[in-house]
Amino acid sequence: MDEQAERGAHHVQSLARGLAVITAFGPDTPELTLSEVARETGMTRAAARRFLLTLVDLGYVRTDGKQFALTARVLELGYAYLSSQSLPEVAQPHLERLSAEVGESSSVSVLDGGFVVYVARAAVTRIMTVGISVGTRFPAFATSMGQVLLAELEAAALADALAASGLARLTTRTITSAERLREQLRVVREQGWAVVDQELEEGLRSVAAPIRDRAGRVVAAANIATHASRFSAAALESELLPRLLLACKGIEGDLRTRR
């Protein structure tokens with residue numbers, strides 16, 4: 001049985017469609033009508049209605065009869081992941097010490113397809129137009145943590161990740177050429193860290209480094225993010241990178257002890 005047939009044999013479509021309804025909601029779409037959910041998920045109105053009302057019954061969605069929105073109970077789904085992982089708990093004190101030392105925000109994220117997902121964060125100031133918290137997702141190719149994580153992927157997995165992210169132009173500095181990005185990732189992999197200069201948002205610079213498990217595999221990335229007015233790209237490398245690398249080593253050491 002080939003891989004696609006094997007996947008089809010165990011694929012539960014109703015579960016996949018229920019999750020599609022949940023993920024249709026987001027920062028730009030906190031409330032949706034039945035028609036909007038159907039359009040976002042590619043379902044019929046009748047099917048979307050059944051899934052929405054089931055989620056209402058389970059307490060994950062609320063409705064006023066016209067608009068639907070997620071409830072706080074959805075956080076339980078994410079908490080189940082976080083509580084089963086030692087990484088966020090181990091990383092948090094290291095991030096807090098790092099941010100206190102350098103006076104800038106720091107974060108840890110993991111790769112999910114073509115996106116980075118924040119799993120731990122110590123915020124000093126808000127430097128982006130959108131708020132960042134645990135669970136925030138950004139296109140990996142345009143972030144320093146994402147480039148560190150993408151740089152470790154094999155060719156096929158990297159192609160899938162770049163296709164999933166879309167390589168959309170986010171600023172005038174965003175790398176949207178797959179060929180140019182692959183060359184950038186080769187450099188990142190060789191040097192062991194990444195600096196991104198205003199590719200995700202104008203005015204935002206960040207430096208990131210990998211977090212490895214005891215087998216040497218990259219399991220996450222940590223970064224320091226700052227406003228372009230406070231640090232040049234060169235200063236990120238000379239002043240902030242050494243402290244970031246020490247923090248990553250500390251996280252790796254605690255992870256080995258914990259596991």
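Everything quoted here is computed from the prediction, not taken from an experiment.
There is no side-chain donor-acceptor pair under 3.5 Å between T171 and Q198. For the residue pair T71 / R62, no side-chain donor-acceptor distance below 3.5 Å is found, with atom types taken as modelled.
Atoms OG1 and CG, on T174 and L167 in that order, are 10.0 Å from each other to the nearest 0.5 Å. To the nearest 0.5 Å, atoms CD1 (I251) and CG (L87) are separated by 7.0 Å. Here the CZ-OG distance, from R205 to S229, works out to 9.0 Å after rounding to the nearest 0.5 Å. Between Q67 atom CD and L34 atom CG the span is 11.0 Å, to the nearest 0.5 Å. Note: F231 CZ to L240 CG = 4.5 Å, rounded to the nearest 0.5 Å. The NE2 atom of H94 lies 8.0 Å from the CG atom of L255; values are rounded to the nearest 0.5 Å.
Nearest heavy atom pair, residue A208 against residue V148, reads O-CG2, 3.6 Å. Nearest heavy atoms, T172 versus E202: OG1-OE2, 3.4 Å. Here the shortest heavy-atom pairing between G59 and R73 reads O-CB, 3.5 Å. Closest non-hydrogen pair, F68 versus T33, comes out as CD1-C, 4.3 Å. When all heavy atoms of I211 and C248 are compared, the pair lying nearest together is CG1-SG, 4.1 Å.
Between the T41 side chain and the V21 main chain, no donor and acceptor come within less than 3.5 Å of each other.
Of the listed residues (L200, D197, N223), just one forms a side-chain contact (heavy atoms from CB on, under 4.5 Å) with S206, and that residue is N223.
Within a 6.0 Å radius of CD in E190, more than 12 heavy atoms belonging to other residues, nucleotides or ligands are found.
Taking a cutoff of 4.0 Å between a charged side-chain nitrogen and a carboxylate oxygen, R97 and E101 do not qualify as a salt bridge. Residues R180 and E183 are not paired through a salt bridge, judged by the lack of any N-O separation under 4.0 Å between the basic side chain and the carboxylate. Under 4.0 Å is where a charged nitrogen must lie from a carboxylate oxygen, and between E152 and R212 at least one such pair does.
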